[in-house]
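Because the structure is a prediction, the values reported are computed rather than measured.
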Amino acid sequence: MSQTLPITRLNTAQADFQDRLRSMLAFDAEQDESITATVKAILADVRQQGDEAVLRYTERFDRVAAQSVAELEISQTELKAAFDGLPAEHRQALQAAAQRIRSFHDKQRQESWTIQDEHGSTLGQRVSPLDRAGLYVPGGKAAYPSSVLMNALPAKVAGVPEVIMVVPTPGGERNQLVLAAAHLAGVDRVFTIGGAQAVAALAYGTKTILAVDKIVGPGNAYVAEAKRQVFGKVGIDMIAGPSEILVICDGKTDPDWIAMDLFSQAEHDELAQSILLTPDAAYIDAVQAAIDRLLPDMPRKAVIQTSLTNRGLLIQTRDLDEACQIASQIAPEHLEVSTDNPEQWVPKIRHAGAIFMGRYASESIGDYCAGPNHVLPTMQTARFSSPLGVYDFQKRTSLINVSEAGAQVLGRVASTLAWGEHLPAHARAAELRLKD
């Protein structure tokens with residue numbers, strides 16, 4: 001007989017509910033000082049020594065020796081060979097996912113525009129792609145072809161001319177699925193380097209690797225800290241925390257489905273967080289029973305068990321309205337609304353990275369092939385952040401063409417405000433263009 005996994009249960013009727021909820025949501029994102037110091041030193045080395053430092057750290061951390069960084073670049077021929085060499089089922093799955101991701105992101109592309117005011121002045125916004133984007137992809141035994149598609153395709157849809165991918169290959173092991181995804185997504189250059197040294201190479205540039213404008217993609221604590229430290233020199237997508245899922249359920253969905261949905265995030269990381277909100281106390285019991293029955297057969301049982309024990313939550317709410325209020329407070333990365341007529345509840349949810357509607361919309365489909373991006377804000381940052389998208393690879397430039405007539409009107413306004421701010425040169429620059 002399976003043992004009951006000790007998952008924290010809360011009830012919104014409890015007097016200390018909010019205090020206990022805040023305690024369970026709390027996550028210390030502060031980096032270990034040793035990681036911060038190590039990354040700072042690596043970044044400085046690569047900035048000063050370029051390729052030489054990259055080669056040294058690649059040999060040290062990945063056990064890959066090379067005479068030049070050029071030797072660590074994977075050719076387009078090899079990328080295509082990786083794709084062609086996949087089993088047909090894998091090729092078709094990658095192609096289906098890529099088609100859906102590209103189609104969705106096509107809708108996000110923004111266009112330039114102009115307007116003309118009553119004075120004949122032309123005002124507008126030019127939308128243009130970044131010149132070069134860097135994509136970090138975890139390597140080794142872990143294979144994340146979905147991350148390649150989700151990060152590279154929006155950049156290409158945005159019109160970025162050059163996407164440079166870095167992926168570590170510990171012991172020289174090159175993951176064919178990752179290389180195949182790079183070919184399918186149209187990645188321009190791929191280097192088999194990783195860690196903070198790869199982030200540094202992308203941010204500062206070396207003799208072989210050109211500096212990029214923005215770095216995107218997931219990585220370990222050292223990669224995340226490197227992205228944090230180079231931010232400002234280059235753009236980054238986000239500093240991601242542990243994965244999160246929150247499920248709102250009316251108690252009618254198969255408990256096994258919900259248990260497995262909670263597992264799907266818990267298996268990522270011991271620090272991942274899985275939460276169920278439902279007004280049905282008996283349903284919480286049913287989901288708990290499903291968890292206890294299904295967990296022993298999960299290959300990543302130990303990770304799931306630690307995650308659910310330390311950070312999992314089963315919360316009984318007064319009703320679904322209150323469940324939506326609490327979900328907005330939590331602002332989760334992934335939110336499933338597993339109810340009848342889920343569309344009626346979505347307007348009540350203000351903050352979430354992605355909302356999955358209905359009993360058949362498992363979060364895992366969103367991770368791989370639904371179409372919307374799976375790079376989502378975590379740690380309650382969905383309150384002010386958005387999923388990765390085409391807009392992350394486009395920048396906007398303001399266009400201002402002032403007519404002579406416009407200068408007579410706008411110049412007086414500018415002059416008055418400039419004198420008010422005690423900036424006489426600003427005022428005089430506007431006044432010199434006035435006719436009287």
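For the side chain to side chain contact (heavy atoms under 4.5 Å, CB included) criterion with Ile291, the lone passing option out of Leu308, Ile304, Leu276, Ile258 is Leu308. Tested against Thr169, the residues Thr58, Val64, Ile193, Val178 include a single side chain to side chain contact (heavy atoms under 4.5 Å, CB included) partner, Val64.
Defined by atom type and a distance below 3.5 Å, a donor-acceptor pair is present between the side-chain atoms of Tyr57 and Asp45. Side chain to side chain, Gln125 and Gln110 fail the donor-acceptor criterion of an N or O pair below 3.5 Å. There is a side-chain donor-acceptor pair under 3.5 Å between Glu363 and Gln265. At a cut-off of 3.5 Å, with distance as the only test, a side-chain donor of Glu333 or Ser243 sits close to an acceptor on the other residue. Looking at Asp321 and Gln325, their side chains never bring a donor and an acceptor atom within 3.5 Å of each other. Side-chain polar atoms of Thr12 and Glu322 form a donor-acceptor pair below 3.5 angstrom. Between Ser362 and Ser364, the side chains place a donor N or O and an acceptor N or O closer than 3.5 Å (distance only, hydrogens not considered).
Remark: the backbone N or O of Gln197 is not paired with any side-chain donor or acceptor of Tyr222 at under 3.5 angstrom. With Lys156 contributing its side chain and Val160 its backbone, the two residues share a donor-acceptor pair below 3.5 Å. Checking side-chain atoms of Ser307 against main-chain N and O of Ala272 turns up a donor-acceptor pair under 3.5 Å. Using a distance-only test at 3.5 Å, with no hydrogens or angles considered, a donor-acceptor pair links the side chain of Gln76 to the main chain of Val187. Glu244 places a side-chain N or O within 3.5 Å of a backbone atom of Met379 that can act as its donor or acceptor partner.
Enclosure of atom CZ in Arg126 is not indicated, since only 12 or fewer non-hydrogen atoms of other residues, nucleotides or ligands lie within 6.0 angstrom. Within 6.0 Å of atom OH in Tyr368, 12 or fewer heavy atoms from other residues, nucleotides or ligands are found, so the atom counts as exposed in its surroundings.
Ion pairing of Glu78 with Arg174 is present here, as a side-chain N (NZ or NE/NH1/NH2) and a carboxylate O approach within less than 4.0 Å. Classification of Arg300 and Asp269 as a salt-bridged pair fails, no side-chain N sitting under 4.0 Å from a carboxylate O. Lys227 has a carboxylate O that lies under 4.0 Å from a charged side-chain N of Asp237, or vice versa, which qualifies the two as a salt bridge. For Lys214 and Asp131, the salt-bridge test fails: no basic side-chain N is under 4.0 Å from an acidic carboxylate O. The residues Arg91 and Asp84 are annotated as not salt-bridged, no charged nitrogen and carboxylate oxygen being separated by less than 4.0 angstrom.
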Test Gln95 against Gln99 for side chain to side chain donor-acceptor pair (under 3.5 Å), laying out the working first. CA-CA 6 Å; Gln95 288 173 319; Gln99 187 277 325; over 6 Å; no
Can you check side chain to side chain donor-acceptor pair (under 3.5 Å) on Thr253 and Arg359, steps first, answer last? CA-CA 6 Å; Thr253 305; Arg359 306 191 199 282; 2.7 Å; yes
Give the intermediate values and the outcome of side chain to side chain donor-acceptor pair (under 3.5 Å) for residues Arg109 and Gln394. CA-CA 8 Å; Arg109 187 165 39 211; Gln394 292 182 316; over 6 Å; no
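A distance of 10.0 Å separates CD1 of Ile42 from CD of Gln229, quoted to the nearest 0.5 Å. In this structure, CD1 in Ile7 is found 4.5 Å from CD in Gln288, a value given to the nearest 0.5 Å. Atom CD1 of Ile164 is separated from atom CD of Glu73 by 8.5 Å, given to the nearest 0.5 angstrom. Note that CE of Met238 and CZ of Phe231 are 12.0 Å apart. Values are rounded to the nearest 0.5 Å.
Pairing each heavy atom of His105 with each of Gly371, the nearest pair is CE1-O, 3.4 Å. Across all non-hydrogen atoms, the minimal contact from Ala155 to Val163 is CB-CG2, 3.9 Å.
Counting only heavy atoms from C-beta outward, the side chains of Leu179 and Leu177 never approach each other to under 4.5 Å.
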